[in-house]
Amino acid sequence: MKTKYIFVTGGVVSGLGKGITGSSIGRLLKSMGYKVMMQKFDPYINVDPGTMSPYQHGEVFVTEDGAETDLDLGHYERFIDENLVETSSVTTGKIYWEVIQKERRGDYLGSTVQVIPHITNQIKEKTYNLAKESDADVIIIEVGGTIGDIESIHFIEAIRQLSLEVGRENSLFIHVTLVPYIECSKELKTKPTQNSVKELQSHGIQADILVCRTEYPLPKESKEKIALYCNVGSQDVINNTTAKSLYEIPILLEKEGLARSVCEHLKLETRECDLKEWNEMLDKERNSIGNVKIGIVGKYVDHGDAYLSVSESLRHAAIANEVNIDIKYINSENLKEENIEQLSDLDGILVPGGFGNRGIEGKLVAIKYARENNVPFFGICLGMQMAAIEFARNVLELKDANSSEFNELTKNPIIHIMELQKGLSNKGGTMRLGKYPCILKADSISGKAYRVTQISERHRHRFEFNNEYREIFEENGMEIVGLSPDGNLVEILEFKNHKWFVAVQFHPEFKSRPNRAHPLFRDFVKVSMQK
């Protein structure tokens, strides 16, 4: 079977959920037995979001092969349950970088290098390469930004050309738009959708299916009006109302007939969607009993997307334990011993990853509180490094203990830079990135959670635990239970005299799924329920 291509664009305003729409389509097609892969076109000129502040672009999601990508790829993986790759993330910066490198090598044989055909050809090459590498039946491509944005024009032109090259029977355009509700007149207004589709048509693309974001169900007459003015069938105007849970959206879109419309347009066999496992997961979420309150202590807590994979992983764990979860975000810059009472209502404390020394003292206060009061604690990446520093300062009494990231002159660099990282001038893409193996002690908390002794987890960091402190740590109760296969890199620390105190150098949140919670998150929430 020839690979089919679905292009998801957005109009009217940003933030309508193109990524969730594409992910939901992927989930539905996969439930029919089709092999699905996803790709994101991002208009920014950064090569990747790795050097961006979370305030700018939310979290940076990391793939198995070590690509730093947009957070939407996290949604893709959680919904379609497939590991994406570096080719799944395409930015304007990456495309221009590659084209300029080709020009410098003389690959264009004296041609004048232009947006068309050279930039658009490079974009198409990325999509064709992903189809070849993945051998997928369907590739779903989300185009970032909003139709009409000057930054995305080269991507829009590339998907127009790609559709012509593969044939309209092998390509499908889905446009996500807003149908706002005007309170004073009590009306749903279709004009913004009409204008957005007209803008898309001005670029040579006719939408095949419209996914309309609304707060209220679209009445039949509104669907028919949109269909008439936007040149689509009324059955291809899909209502997407706001759901209580992200994971309900595939079910709601299936009820609207989206999967059937997709299959009809692409000449795919319309099979029965096997959503049994997905519905069982949703039933657990809806029927959960009790409540568990987890605190996330970090410096980006006032940006909802900065810790997106962490918060979603906690929700997956709550579903697995059939309990409702209340996530409390605590700004580590403001947390001090004098206001530590804000931690007193927490059942568990989590310190996530990050970079830089801003807010680290507040993280140390939270970790000390968790360790001394037997509150379940989970440290991730920088959270693990902070746990090591807190232990060194307050148990080993090495008062100047620190990370060389924050203080190069410290006499006790509990955390120091990796040898291979020394002297690097480029900041982007030069960390320990992607999957690395780890050997576990079978009788540890982590070993019991995973139920295996060798695991593979994704990393994103430049600094490591200093091996000079291994012996003194273990002698005083901080056990090293996870190591790289060569025994050189410390991956997991556990405090012995504690209910549940686990700190990991990797990012387990990137591998959690709504229907298959990550073992460490699952057990962290489980023990937190017992407070």
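Positions are given from 1 along the sequence.
- Judged by distance alone, with hydrogens and angles left aside, the side-chain atoms of Asn515 form no donor-acceptor pair with the main-chain N or O of Met281 at under 3.5 Å.
- In terms of modelled atom types and a separation under 3.5 Å, the side chain of Glu494 and the main chain of Ile445 share a donor-acceptor contact.
- Within 6.0 Å of CG in Leu164 there are more than 12 heavy atoms belonging to other residues, nucleotides or ligands.
- Ring-plane geometry between His461 and His459 is classed as tilted, the angle between the planes lying from 30 to 60 degrees on a 0 to 90 degree scale.
- Just one residue in the list Asp523, Leu346, Ile294 forms a side-chain contact (heavy atoms from CB on, under 4.5 Å) with Ser528, and that residue is Ile294.
- The closest side-chain donor-acceptor pair between Ser309 and Arg78 falls under 3.5 angstrom.
- Annotation: Tyr247 is in aromatic contact with His316 [ring centroid separation under 6.0 Å].
- Heavy-atom minimum distance, Cys263 versus Glu269: SG-O, 4.0 Å.
- Sparse packing is recorded around CD1 of Ile150, with 12 or fewer heavy atoms of other residues, nucleotides or ligands lying under 6.0 Å away.
- Panel note: side chain Gln39, backbone Leu130; no donor-acceptor pair is recorded below 3.5 Å.
- Of the possible polar contacts, one joining the Thr69 side chain to the Phe61 backbone as a donor-acceptor pair under 3.5 Å is found.
- Partners of Glu280 by salt bridge (charged side-chain N to carboxylate O under 4.0 Å, His left out), not counting sequence neighbours: none found.
- Separation of the Phe524 and Trp500 ring centroids falls under the 6.0 Å cut-off.
- Between Ile147 and His175, the shortest heavy-atom distance links the atoms CG2-CE1, 3.8 Å.
- Between the side chain of Thr91 and the main chain of Val47, a donor-acceptor pair closer than 3.5 Å is present.
- Between Lys132 and Glu125 there is no salt bridge, since none of the side-chain N atoms of the basic residue sits less than 4.0 Å from a carboxylate O of the acidic one.
- A centroid separation of less than 6.0 Å is found between the aromatic rings of Phe378 and Phe521.
- Under the ring-ring contact (aromatic ring centres under 6.0 Å, His included) test applied with His518, the options Phe510, Phe506, Tyr450 reduce to a single match, Tyr450.
- Distance check, rounded to the nearest 0.5 Å: OG1 of Thr21 to CG of Leu253 gives 6.5 Å.
- Looking at Asp72, Val90, Asp70, Asp48 one by one, the single match for side-chain contact (heavy atoms from CB on, under 4.5 Å) with Asp42 turns out to be Asp70.
- Within a 6.0 Å sphere centred on CD of Gln454, heavy atoms belonging to other residues, nucleotides or ligands number more than 12.
- With hydrogens and angles left out, the side-chain atoms of Asn129 and Thr87 include no donor and acceptor closer than 3.5 Å.
- In this structure, Glu256 pairs ionically with Lys223, as a charged nitrogen and a carboxylate oxygen lie closer than 4.0 Å.
- Other residues, nucleotides and ligands place more than 12 heavy atoms under 6.0 Å from the CD atom of Glu165.
- Although no hydrogens or angles enter the test, the distance criterion places a donor-acceptor pair under 3.5 Å between the side chain of Lys4 and the main chain of Glu169.
- Distance alone, capped at 3.5 Å, places no donor-acceptor pair between the Lys30 side chain and the Val36 backbone.
- Salt bridge annotation for Lys276-Asp274: absent, with no cationic side-chain nitrogen under 4.0 angstrom from a carboxylate oxygen.
- Taking the ring axis of Tyr436 as reference, the NZ or CZ atom of Arg432 stays within 45° of it and closer than 6.0 Å to the ring centre.
- Checking side-chain atoms of Lys511 against main-chain N and O of Ser456 turns up a donor-acceptor pair under 3.5 Å.
- Classification of Glu248 and Arg286 as a salt-bridged pair holds, one side-chain N sitting under 4.0 Å from a carboxylate O.
- With sequence neighbours excluded, the residues that form a side-chain contact (heavy atoms from CB on, under 4.5 Å) with Asp137 are Met1, Tyr34, Lys35.
- The environment of Lys225 atom NZ is sparse: at most 12 non-hydrogen atoms of other residues, nucleotides or ligands sit within 6.0 angstrom.
- Ser163 places no side-chain N or O within donor-acceptor distance of the main-chain N or O of Arg160, the cut-off being under 3.5 Å.
- A parallel orientation is assigned to the rings of Phe41 and Phe155, their planes being inclined by less than 30° (bins at 30° and 60°).
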Go through Asp65 and Lys435 one step at a time and tell me if the salt bridge (Lys or Arg N to Asp or Glu O under 4.0 Å) criterion holds.
-> CA-CA 7 Å; Asp65 59 356; Lys435 67 175 182 179; over 6 Å; no
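- Ring centroid separation for the pair Tyr300 and His303 does not come in under the 6.0 Å cut-off.
- Results of the salt bridge (charged side-chain N to carboxylate O under 4.0 Å, His left out) test with Arg458 over Glu77, Glu491, Glu509 single out Glu77 as the only residue that passes.
- Panel note: side chain Asp208, backbone Phe173; a donor-acceptor pair is recorded below 3.5 Å.
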